Amino acid sequence: MGAIAFFCLLSLFFQCTLHLPTASAIEATFTPNPADSVENGGTGGPLPVSMQQRRQLLELEAAIVNSQDPSGTLSHVAGQNGMSPEELAGMLDRNRNDLQDSGQLEGMVGEVNASLQAQQGGGGGGGGAMSGSIPRRVLSLVVSIFAALAKTASVQISRNPKQSTVLAMILVFTFLSVHNAPKNGIVISSGSFPPFSGGHTTVLEPPIDYLERACVNSWEKGGWESSLPEPMEIQSKKSSKSKKKSPQVVGGVGMTGSLELDASDAEEGEVTVETSRSKEEGFALVTTAQTFITMDNNDEGGQEDEEDEEEARDCMYESITAIFQERKFSEFIPGNSGSLKFRSFLVASEEDEEGEDYTEGAVMAVKLLGDFGRYGVQPLCISYEDEEGGESISHCVAFHTLTGGHFDGELRFSVEEKKSSAKGGDLGVVVSVTLAIPKGGRAPPSRLAELMVSSLAQSIATSSQMRMKQTLSRRSQSKGFRARASGRASKKRHMRYVQEKLQEEMAAERKRKWKRNNPDAGHYRPSGHRLKHPH
């Protein structure tokens with residue numbers, strides 16, 4: 001039993017020295033001395049014959065003595081090897097007594113102490129360097145924390161594998177969400193995959209740059225494909241007094257060009273929405289939002305002259321033209337209308353090598369349009385654009401849907417100069433947004449369609465009014481500056497004229513006085529004396 005215990009003691013020597021800053025693991029083997037056994041008259045218990053192994057026992061004794069809790073360390077080491085603390089202490093005492101009897105104890109103790117001091121000196125220097133370096137200390141702390149977490153995780157996984165798997169999946173999903181949310185809003189589906197997905201959907205509000213990049217990538221992969229059903233001709237109903245009308249084409253690109261809207265219900269400051277499912281032939285859904293914008297630029301309610309009215313009309317035309325050219329249709333979306341984004345962009349045609357031919361596309365993201373009530377992305381492409389200037393303001397642009405979206409139809413934006421239906425007939429413009437879904441196409445819910453067109457109409461009206469006020473303000477400031485500059489110039493010219501006139505009068509008065517006091521003034525006759533030689 002004593003030999004087995006000694007083997008275990010040497011293997012646990014490192015555990016005993018963990019309490020010391022200079023402890024190191026020691027592994028050793030030995031050959032039992034038969035003379036030390038009790039049967040041969042020894043003191044009991046084998047001791048190694050090798051002096052190196054005797055020295056290791058002294059180092060073990062020194063480690064136990066120098067530990068923070070010598071008795072506890074002795075009991076722990078003895079219990080780990082199936083021995084009592086008394087038996088372990090007796091083995092260490094016999095080793096010390098045997099070395100003392102042979103006269104080798106003092107020299108070996110000196111070597112052990114020198115070795116321990118050398119190790120303590122090296123460990124102390126490293127500790128001082130570590131304590132003196134804050135980054136190393138922080139790094140050591142982080143490494144230790146991660147090691148503890150890894151150890152705890154391994155223990156938990158071995159004990160509860162199912163719960164640990166679920167927790168790991170939750171952590172991975174959380175990290176991916178945090179990483180992808182600012183980039184693309186966490187994409188659920190990148191296209192239409194019925195019946196699982198109705199179209200491109202994101203969990204959070206997608207960045208507008210991501211929407212444009214997704215449409216451009218789709219164009220580069222093979223172009224865009226319209227999602228509208230095949231066009232069909234619908235014979236419009238005719239009355240007895242009207243002549244026969246040409247059939248209406250429904251379902252193709254530009255189908256909203258033949259829709260006639262009644263702008264008589266448009267009111268200033270309000271957005272009127274009208275939804276029809278059976279009124280228009282060939283259409284499954286037609287939703288129109290209208291609002292009226294007055295051109296009155298007199299905030300104080302005073303009378304305006306013709307010049308002010310013409311100036312207000314020019315500013316309104318300028319602002320509407322800028323909005324439609326820049327496609328600023330969602331610049332001021334109302335906060336209570338949900339989140340809606342719209343952006344238009346240009347892509348170069350594949351057939352044009354010089355890069356002068358472009359195709360205009362657009363993309364729209366609407367909350368509640370996507371799967372599970374999240375953000376739906378709808379790609380669009382321009383259908384047509386009409387603009388009329390001159391005496392009447394009129395501008396119209398339409399976009400049709402592409403594959404990969406959530407509905408199939410055409411979205412039309414238009415403005416037209418009208419007179420208000422109220423008393424007085426104020427001159428203004430009617431802003432209208434129309435969403436037309438042909439029969440056979442996918443249609444969004446009626447409430448969502450009304451929300452989209454009303455939000456866009458309100459945004460265009462707000463942008464137009466704000467730009468018109470900004471233009472009028474700039475012109476007013478410019479007029480005031482020119483008036484002040486012109487006034488200062490006129491004043492300077494008048495002052496210069498007055499000064500010159502006073503100077504002329506002063507010169508004339510001086511000349512008159514000189515003639516009155518000098519009788520020979522004006523009658524100078526040369527005497528000829530200047531021509532004579534002085535000698």
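Everything numeric in this text was worked out from a predicted model, so none of it was measured.
Between Glu360 and Ser344, the side chains place a donor N or O and an acceptor N or O closer than 3.5 Å (distance only, hydrogens not considered). For the residue pair Glu450 / Thr275, a side-chain donor-acceptor distance below 3.5 Å is found, with atom types taken as modelled. Using a 3.5 Å distance cut-off with no hydrogens or angles, the side chains of Ser464 and Ser319 do not pair a donor with an acceptor. Judged purely by distance below 3.5 Å, without hydrogens or angles, the side chains of Glu318 and Thr471 never pair a donor atom with an acceptor atom. A donor and an acceptor atom, one from each side chain of Glu385 and His395, are located under 3.5 Å apart.
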Test side chain to side chain donor-acceptor pair (under 3.5 Å) applied to Ser478 and Arg475, step by step: CA-CA 5 Å; Ser478 178; Arg475 290 188 178 184; over 6 Å; no
Step-by-step salt bridge (charged side-chain N to carboxylate O under 4.0 Å, His left out) determination, Glu410 to Arg412: CA-CA 6 Å; Glu410 199 164 70; Arg412 185 178 74 174; over 6 Å; no
Residues Met364, Met452; criterion side chain to side chain contact (heavy atoms under 4.5 Å, CB included); working and verdict: CA-CA 10 Å; Met364 184 169 59; Met452 284 192 295; 4.2 Å; yes
Is there a side chain to side chain contact (heavy atoms under 4.5 Å, CB included) between Ile382 and Arg327? Walk through the geometry before answering. CA-CA 11 Å; Ile382 190 169; Arg327 305 292 193 255; 3.8 Å; yes
For Phe332 and Gln465: C-alpha separation, side-chain torsions, deciding distance, then whether side chain to side chain contact (heavy atoms under 4.5 Å, CB included) applies. CA-CA 11 Å; Phe332 294 97; Gln465 290 177 331; over 6 Å; no
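Other residues, nucleotides and ligands contribute only 12 or fewer heavy atoms inside 6.0 Å of the NZ atom of Lys328. Counting heavy-atom neighbours within 6.0 Å of Glu230 CD, excluding the residue itself, gives a total of 12 or less. A 6.0 Å sphere centred on CZ of Arg447 holds no more than 12 heavy atoms belonging to other residues, nucleotides or ligands. Counting heavy-atom neighbours within 6.0 Å of Glu225 CD, excluding the residue itself, gives a total of 12 or less.
Under the 3.5 Å distance criterion, the side-chain polar atoms of Ser476 are left unmatched by any main-chain donor or acceptor of Leu472. Ser490 places a side-chain N or O within 3.5 Å of a backbone atom of Ser486 that can act as its donor or acceptor partner. Between the Thr201 side chain and the Ile188 main chain, no donor and acceptor come within less than 3.5 Å of each other.
Taking the six-membered ring where the residue is Trp, Phe329 and Phe324 present perpendicular rings, their angle passing 60° and hence far from 30°.
The side-chain heavy atoms of Thr202 and Val187, taken from C-beta on, include a pair separated by under 4.5 Å. The closest side-chain heavy-atom distance from Thr434 to Ser414 is not below 4.5 Å. Within the 4.5 Å cutoff, the side chain of Gln378 has no heavy atoms near those of the Val366 side chain. Side-chain contact between Lys501 and Val498 is absent, with no heavy-atom pair separated by less than 4.5 Å.
In summary, of the residues considered (Val429, Ile460, Val415, Val430), a side chain to side chain contact (heavy atoms under 4.5 Å, CB included) with Ile293 occurs for Val429 alone.
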